[in-house]
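Below is one structure; the comments refer to it alone.
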Amino acid sequence: MIVRKIREELLRHLPEDLPFKVEPPPREEMGDYATNAALVAGGRVKRSPRELASELAEKLSRRKDLFSRVEVAGPGFLNFWVAPSYWQTVVQRVLEKGDTYGRSELGKGKKVQVEFVSANPTGPLHVGHARGAAVGDTLARILAFAGYEVVREYYINDRGRQMEVLGRSVWLRARELSGEEIEFPQDHYRGEYIRDLAAKLLSERPDLLQLPEDEALSLCRDFALREILSEIRRDLEDFGVFYDVWYSEKELYEKGEVEEALRELQEKGHLYEAEGALWFRATAFGDEKDRVVRRANGEPTYFASDIAYHREKFLKRGFDLVVDVWGADHHGYVPRLKAVLLALGVDADRLRVLLIQMVNLIEGGKLKSMSTRAGEFVTLRELLEEVGRDAMRFTFLTRKCDAPLDFDVELAKAQRTENPVYYVQYAHARLASVFRKAEEAGLEFPSPSEIPLNRLDTPEDFRLLKLLDFFPLVVEEAAEMLEPHRITYFLLDLATALHDYYTKHRFLSEDEERSRARLALARAVKQVLAQGLNLLGVSAPERM
RNA sequence: GCGCCCGUAGCUCAAUCGGAUAGAGCAUUGGACUACGAAUCCAAAGGUUGGAGGUUCGAGUCCUCCCGGGCGCGCCA
């Protein structure tokens, strides 16, 4: 990474804590990279930035191996032209490192948990969950690639009132199926899948309706939970999403974690009783109001188990960083959870909550999903079957997650140029095709040390080399800022540069030296495209 | 009413935790295949970054107010 080298060079002449940046300048004529170091330093020591800049330029330009030119520009920016010989070695590094190219040690020695989806097991996953799944899963891949030790986790709300309602919903449908006239309650789960579950249970347990009500209800509940959960799991797996841990809320209670957590808060003086309920003094830690943790009827609230869960994440399992991926409608919940962490003596910045905004499904220019009427929504599975995994994941990852997303179903399905996922995959497939041709022609692929690097000398060569050099930095930034879409945009850039190259130059020609050099470049680009796609959970096809 | 998120080209979105003349794709118009895959490429056109102030060498980005949209504000989950 040349950025890192430039930074190192600058630091030989500047104070270590100076918050300067090294980044590509807005226009190509301004060089390959630029820094505002002199501007920032000038402000601090009350010297003219331009004067400082020209001193720095003089010093750094001695590194002929790195820079062909260093200039002062504008109010005191330093512009760098990187030596072509440096760029050419990039292809060597990419090939030597292979699959590890882009890997980073950013998170070395740090444990991070990514908790995502965690939808209530009361029905199938819908498209909103799919977006959360794509973001959470990709983030986990990126963090792992950036050197973190990652645990991916699904938190199952398998207890409490909703489970009772679920069991009762199935039971009522079962009775209905066997001919009974039932007035189905409004606040129960009304989706068609409940009827299917009832039918399935009835065929397994014909005696269901003869059982005492209590027994029947709990049978229905357990059955529904098991079935729905395995359905959720299957949906996610088909979507390319896997978990290390499925964490049961019920077990959290059985292990006594909830009582333990409440006891600790009690001992630290953060709980009080009022109106028959037990409250957490969230206002002492920046939340708007205090929150009930145990209701007057003795039942702990959902919040209580979340306290216990997050306490367990930080204090028992020792995660350095916890990333929660939630639906944006839960945003009001963030302050109270951060308040709990503070109360427990945990730095609240170690919890990062990603709020996933709504997905609007667009079909034929019209809004398709988002009927809030019970049971009417487009499921993850339906969309998966309609548009396919690659297009679906890629589309979800083309936006930062805190902006609402319009998902154009027809566009995602289209195997045409406008569909960005094909654009990137096509670049990869094109390169694969070049290698098939090269093999036919009997052209030998050079070992990294034998590449005629100086034959990579056109502007299009350098454009690709620079992008390849940039990739590790993109990974680090995506990891640091928890923004998977940075990878997506990088891939689009790289694919664009490749397609441009492809129309302007030939990889295989009469000039054998040049062909070998370009073949090496092609392999490096192909490898990084595949790596990037892999981080997104999208396939990199050899043929399309 | 209070809080959070969003507002950028006709449409969908970027803009590297404050940087130089705000960039892509789609749509529109006009071009490029006897060449490794035209699922591609090139060009034109398109903007008061919702509005008004402020902070500073410098603001789409930070602060205040207003407008518009979404979502929250339960001893629900």
Side-chain angles (χ1 to χ4, degrees), chain A residues 3 19 21-27 30 34-36 39-40 42-43 49 73-77 79 120 122 157 160-163 165 187 274-279 288-289 291-303 305-306 327-335 355 357-358 362 365 398-400 402-408 411 414-420 422-423 425-427 429-438 440-441 470 473-474 477-478 480-481 483 485-486 488-490 492-493 495-496 498-509 515 518-519 522 543-544:
Chain A
V3 183
K21 302 206 310 189
V22 178
E23 55 191 11
R27 291 200 318 281
M30 299 170 166
T35 183
N36 62 348
L39 285 167
V40 182
F77 288 99
N79 293 343
N120 289 337
T122 54
N157 295 114
R161 206 185 96 83
Q162 54 169 351
M163 280 298 109
V165 173
D187 60 351
E275 301 160 53
L278 189 61
W279 298 71
E288 283 179 351
K289 41 179 107 169
R291 309 291 176 179
V292 172
V293 293
R294 187 185 292 135
R295 295 193 279 256
N297 67 8
E299 267 294 296
T301 57
Y302 178 85
F303 182 42
S305 41
D306 239 15
D329 54 339
H330 289 69
H331 70 260
Y333 210 77
V334 179
L355 298 169
Q357 277 289 353
M358 183 155 80
I362 310 287
T398 51
R399 309 258 180 289
K400 49 185 177 201
D402 55 2
L405 179 140
D406 285 353
F407 190 107
D408 187 326
L411 178 61
Q415 307 205 354
R416 297 195 312 267
T417 159
E418 312 94 85
N419 191 346
Y422 286 98
Y423 185 84
Q425 288 179 319
Y426 181 51
R430 264 185 148 178
L431 290 171
S433 158
V434 169
F435 283 104
R436 287 192 293 268
K437 288 283 174 199
E440 279 171 32
F470 203 50
L473 196 64
V474 174
E477 284 175 353
E480 228 160 9
M481 305 176 84
E483 293 184 340
H485 75 279
R486 286 169 186 276
T488 315
Y489 280 92
F490 171 81
L492 287 166
D493 278 351
T496 300
L498 186 275
H499 288 310
D500 181 47
Y501 192 100
Y502 196 95
T503 43
K504 287 192 177 131
H505 307 290
R506 291 184 56 79
F507 286 98
L508 311 173
S509 66
S515 297
R518 288 186 172 171
L519 218 45
R543 294 170 200 273
M544 294 173 69

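In what follows, chains carry the letters A, B, and so on, assigned in the order in which the sequence lines appear, proteins first and then strands, with residues in each chain numbered from 1.
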Nucleotide of [options] approaching [X] most closely (side-chain heavy atoms):
{"X": "A/Asp406", "options": "B/A20, B/C75, B/U12", "value": "B/U12"}
{"X": "A/Glu288", "options": "B/U16, B/G37, B/G3", "value": "B/G3"}
{"X": "A/Arg486", "options": "B/A15, B/G19, B/C75", "value": "B/A15"}
{"X": "A/Tyr426", "options": "B/G19, B/C36, B/G37", "value": "B/G37"}
{"X": "A/Tyr489", "options": "B/A77, B/A14, B/C41", "value": "B/A14"}
{"X": "A/Met544", "options": "B/A39, B/G74, B/C5", "value": "B/A39"}
{"X": "A/Arg295", "options": "B/A77, B/C73, B/G37", "value": "B/A77"}
{"X": "A/Thr301", "options": "B/C17, B/G37, B/C75", "value": "B/C75"}

Exercise for the section: May I ask you to test the A/Trp279-A/Val293 pair for a side-chain heavy-atom distance under 4.5 Å? Expected result: no
Handout entry: Student check: side-chain heavy atoms of A/Phe470 and A/Asp493 closer than 4.5 Å
Key = no
[X] [atom1] to [N] [atom2], straight-line distance once rounded to whole Å:
{"X": "A/Lys400", "N": "B/U12", "atom1": "NZ", "atom2": "P", "answer": "15 Å"}
{"X": "A/Asp402", "N": "B/C17", "atom1": "CG", "atom2": "C1'", "answer": "14 Å"}
{"X": "A/Arg291", "N": "B/G3", "atom1": "CZ", "atom2": "C1'", "answer": "11 Å"}

How is [X] classified with respect to the nucleic acid when contacts are heavy atoms under 4.0 Å: base, sugar-phosphate, or nothing?
{"X": "A/Arg399", "value": "sugar-phosphate"}
{"X": "A/Lys504", "value": "nothing"}
{"X": "A/Asn79", "value": "base"}
{"X": "A/Asn36", "value": "base"}
{"X": "A/Arg543", "value": "base"}
{"X": "A/Ala429", "value": "base"}
{"X": "A/Leu278", "value": "nothing"}
{"X": "A/Met481", "value": "sugar-phosphate"}
{"X": "A/Ala34", "value": "base"}
{"X": "A/Pro24", "value": "base"}
{"X": "A/His330", "value": "base"}
{"X": "A/Glu480", "value": "nothing"}
{"X": "A/Phe470", "value": "base"}
{"X": "A/Ala438", "value": "nothing"}

Pairs: protein N or O with nucleotides 30-32 of chain B N or O, under 3.5 Å:
none

Looking only at atom types and distance, does a side-chain atom of [X] sit under 3.5 Å from a main-chain N or O of [Y], one as donor and one as acceptor?
{"X": "A/Asn79", "Y": "A/Ala34", "answer": "no"}
{"X": "A/Thr35", "Y": "A/Lys21", "answer": "yes"}
{"X": "A/His499", "Y": "A/Tyr426", "answer": "no"}
{"X": "A/Arg518", "Y": "A/Arg506", "answer": "yes"}

Practice task
Tell me, with the steps shown, if A/Thr496 and A/Tyr423 meet side chain to side chain contact (heavy atoms under 4.5 Å, CB included).
Solution key: CA-CA 8 Å; A/Thr496 300; A/Tyr423 185 84; 3.2 Å; yes
Fill in the blank from the handout: Given the 90°-from-0 boundary between syn and anti, B/C33 should be labelled syn
Practice task
Report yes or no: is there a donor-acceptor pair, N or O only, under 3.5 Å between the side chain of A/His331 and the base of B/G3?
Solution key: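 By the distance-only test, yes, there is a pair.
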Handout entry: First encountered from the 5' end of RNA chain B, between A/Phe77 and A/Val434
Key = A/Phe77
Handout entry: Strand RNA chain B as a dot-bracket string - pairs counted if Watson-Crick or G-U with both distances under 3.5 Å, | where the partner lies in another strand
Key = (((((((..((((.....[...)))).(((((.......))))).....(((((..]....))))))))))))....
